[in-house]
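Here the structure comes first, spelled out in structure tokens, and everything after it is commentary.
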Amino acid sequence: AIALRSSPGDEPELQLPTKDHDVLCYVVFGELRVTLDERRTILLSDGDALDVRSASSIHVSTQQPTLSIWTSCPVLG
């Protein structure tokens with residue numbers, strides 16, 4: 001698990017495995033723009049969560065100060 005603190009304009013690189021993994025993100029405060037596999041973009045804000053299974057890529061950007069918590073674990077079964 002990692003805590004990701006971002007400033008406006010940041011595009012932090014996630015240091016978590018995503019392919020063949022379940023990835024969970026929880027936004028403590030702020031706003032994240034998350035793009036999955038370079039084709040689907042989701043906007044998350046205070047208290048939102050995202051659960052993704054086996055994304056080839058996850059791109060994150062912020063427009064305001066943001067704190068998010070990320071976890072990753074292998075897909076079971």
Side-chain angles (χ1 to χ4, degrees):
I2 61 170
L4 184 63
R5 192 174 293 272
S6 311
S7 298
D10 282 354
E11 294 185 5
E13 184 175 328
L14 291 178
Q15 300 296 316
L16 294 172
T18 59
K19 186 154 179 62
D20 298 324
H21 282 69
D22 282 325
V23 177
L24 175 68
C25 169
Y26 174 75
V27 178
V28 178
F29 64 81
E31 187 174 276
L32 287 178
R33 183 175 303 274
V34 180
T35 303
L36 305 171
D37 296 331
E38 299 180 8
R39 63 176 198 264
R40 181 172 179 212
T41 300
I42 301 162
L43 186 63
L44 302 173
S45 58
D46 299 359
D48 287 343
L50 176 66
D51 185 9
V52 177
R53 176 168 280 199
S54 195
S56 294
S57 68
I58 298 176
H59 179 265
V60 177
S61 63
T62 61
Q63 298 303 314
Q64 59 183 302
T66 302
L67 175 62
S68 55
I69 306 298
W70 293 79
T71 63
S72 174
C73 68
V75 173
L76 302 176

Hey, does the side chain of D20 reach the backbone of S54 with a donor-acceptor pair shorter than 3.5 angstrom? no
(Q) Does any part of the side chain of H59, heavy atoms only, come nearer than 4.5 Å to the side chain of E11, both counted from C-beta? (A) yes
Rounded to the nearest 0.5 Å, the CZ atom of F29 sits from the OG atom of S45 at a distance of 13.0 Å
Transitive ILVMFWY side-chain link L16 to V27, under 4.5 Å
yes
Counting only heavy atoms not in E38, do more than 12 sit closer than 6.0 Å to its CD atom? no
Between L44 and L67, is there shared hydrophobic-cluster membership here, with clusters defined by ILVMFWY side-chain heavy atoms closer than 4.5 Å?
no
Note: A55 and D37 closest approach over all heavy atoms is C-OD1, 3.4 Å
> Any side-chain heavy atom of I58 within less than 4.5 Å of one from L36?
Replying inline: yes
To the nearest 0.5 Å, atom CD1 of I42 lies from atom CZ of R33 at 11.0 Å
**Message:** I'd like to check C25 versus L32 (side-chain heavy atoms, cut-off strictly below 4.5 Å). Are they in contact?
**Reply:** yes
When rounded to the nearest 0.5 Å, the distance separating CG of D22 from CG of L76 is 7.5 Å
In this structure, OH of Y26 is separated from CG of D48 (nearest 0.5 Å) by 8.5 Å
| Out of curiosity, does L24 fall in the hydrophobic cluster containing V60 (side-chain heavy atoms, cut-off under 4.5 Å, transitive links)? | no
Closest non-hydrogen atoms of E31 and L43, given as atom of the first, atom of the second and distance, are CG-CD1, 3.5 Å
Closest non-hydrogen contact found for H21 with S72 is CD2-OG, 3.3 Å
By side chain to side chain contact (heavy atoms under 4.5 Å, CB included), D10 pairs with (sequence neighbours left out) S6, S7, P12, T62
Between T71 and A1, the two heavy atoms sitting closest are CG2-CB, 3.4 Å
For V34 and W70 the tightest heavy-atom approach is CG2-CH2, 4.4 Å
Here the pair of heavy atoms bringing S56 nearest to T18 is O-OG1, 3.8 Å
